[in-house]
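Have a look at the structure below before the remarks.
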2 protein chains.
Amino acid sequence: MSNIEKPPLAAAFKALSNPHRLTLFNRLLNCCEPGTRCDAASATRFCVGDLGEGLEIAPSTLSHHLKELNRAGLVEMARKGKRVECWVEPEKLKTLSQFFQPNPP
Amino acid sequence: MSNIEKPPLAAAFKALSNPHRLTLFNRLLNCCEPGTRCDAASATRFCVGDLGEGLEIAPSTLSHHLKELNRAGLVEMARKGKRVECWVEPEKLKTLSQFFQPNPP
DNA sequence: CCCATAATTCGAAATATGTCGAATATTGAA
DNA sequence: TTCAATATTCGACATATTTCGAATTATGGG
């Protein structure tokens, strides 16, 4: 487990394996309005604090989880004034979705 | 982390978060021939031993990982004589694939 | 019935993860 | 500049995971 290849996909799934992180990701998942062309520019954004709303975890834990999602390449982050905005790149979703469709019809 | 809800999806992703398990799952993923209607009956099957081929892990570890994949609902298992066959239900793949497509076009 | 093959269970050890609180940064506003 | 709001880093601790080898179970063949 220490010197074997760790594919990016495994890292992504690890990030999503924690219920708290899965919830956070889920809140960013409906990133564009239904029926619209979903590009990075129109993706819904939440700041860190709002994302953790209702989840009863410490701010430090929330920060840690978002960082994990970011390191796994699932969530983008950018400071905007006092806040830090988070969003999901639609391209990333496509990649993950297609992993489970190895034989398209 | 002890008393919070643990959604089935989180369990699935946790199962796929380990590189060895991801490899095992991957070997079962191309479960049907390209272009054919992919149903459970025609899904490719491997026995436990063959699945672990090339992965340098102990039989007990291999068994453990398959059990995890099975418990997470990702891999089906059934004894067939001396062997135990493993396969992936196409329905499961559809569910996982759609999770990453919350806003279909 | 006895043996070989295939797979699982169990217990132990090393490592990784989730979580918190305290301390620290970063920014905008008064 | 000083303060409040937002977010991150750090160190610590409890719990979970990964892995192995030894022992055990399950099955079919001779």
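Side chains are part of it too, since the values below use all heavy atoms of this structure and drop only hydrogens, waters and symmetry mates. Every chain is numbered from 1, with letters handed out A, B, ... down the list of sequences. Bear in mind the structure is a predicted one, so any value in this text is a computation, not a measurement.
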Between [N] ([atom2]) and [X] ([atom1]): distance, integer Å:
{"X": "Lys14(B)", "N": "dA16(C)", "atom1": "NZ", "atom2": "C1'", "result": "12 Å"}
{"X": "Asn18(A)", "N": "dA16(D)", "atom1": "CG", "atom2": "C1'", "result": "12 Å"}
{"X": "Ile57(A)", "N": "dT17(C)", "atom1": "CD1", "atom2": "C1'", "result": "14 Å"}
{"X": "Leu55(A)", "N": "dC20(C)", "atom1": "CG", "atom2": "C1'", "result": "15 Å"}
{"X": "Met77(A)", "N": "dT9(D)", "atom1": "CE", "atom2": "C1'", "result": "14 Å"}
{"X": "Arg83(A)", "N": "dA7(D)", "atom1": "CZ", "atom2": "C1'", "result": "11 Å"}
{"X": "His64(B)", "N": "dT18(D)", "atom1": "NE2", "atom2": "P", "result": "6 Å"}
{"X": "Lys67(B)", "N": "dC20(D)", "atom1": "NZ", "atom2": "P", "result": "17 Å"}

Ignoring backbone atoms, test whether [X] places a side-chain nitrogen or oxygen under 4.0 Å from the OP1 or OP2 oxygen of [N].
{"X": "Arg21(A)", "N": "dG18(C)", "answer": "yes"}
{"X": "His65(B)", "N": "dT17(D)", "answer": "no"}
{"X": "Thr61(B)", "N": "dC20(D)", "answer": "yes"}

Just compare dT19(D), dG21(D), dT8(D) and give me whichever is closest to any side-chain atom of Ser60(B).
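In terms of side-chain proximity for Ser60(B), the closest of dT19(D), dG21(D), dT8(D) is dG21(D).
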
Counting heavy atoms from C-beta on, name the nucleotide in dA5(D), dC20(C), dA7(C) closest to the side chain of Ala58(A).
dC20(C)

Could you report the tightest heavy-atom contact between Leu69(A) and Arg21(A), atom names first, then the distance?
CD1-O, 3.9 Å

Work out which heavy atom in Trp87(B) is nearest to a heavy atom in Met77(B); give both atom names and the distance.
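Residues Trp87(B) and Met77(B), closest heavy atoms: CZ3-C, 4.0 Å.
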
Would a line drawn from the ring center of Phe13(B) to the ring center of Phe99(A) be shorter than 6.0 Å?
no

Is there a side chain to side chain contact (heavy atoms under 4.5 Å, CB included) between Glu76(A) and Glu89(A)? Walk through the geometry before answering.
CA-CA 7 Å; Glu76(A) 311 302 312; Glu89(A) 296 281 0; 3.4 Å; yes

Does the side chain of Ser97(A) come under 3.5 Å of the side chain of Ser97(B) through a donor N or O and an acceptor N or O?
yes

DNA chain C: Glu68(A) or Gly49(B), which has the more 5' nearest nucleotide?
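The residue mapped nearer the 5' terminus is Gly49(B).
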
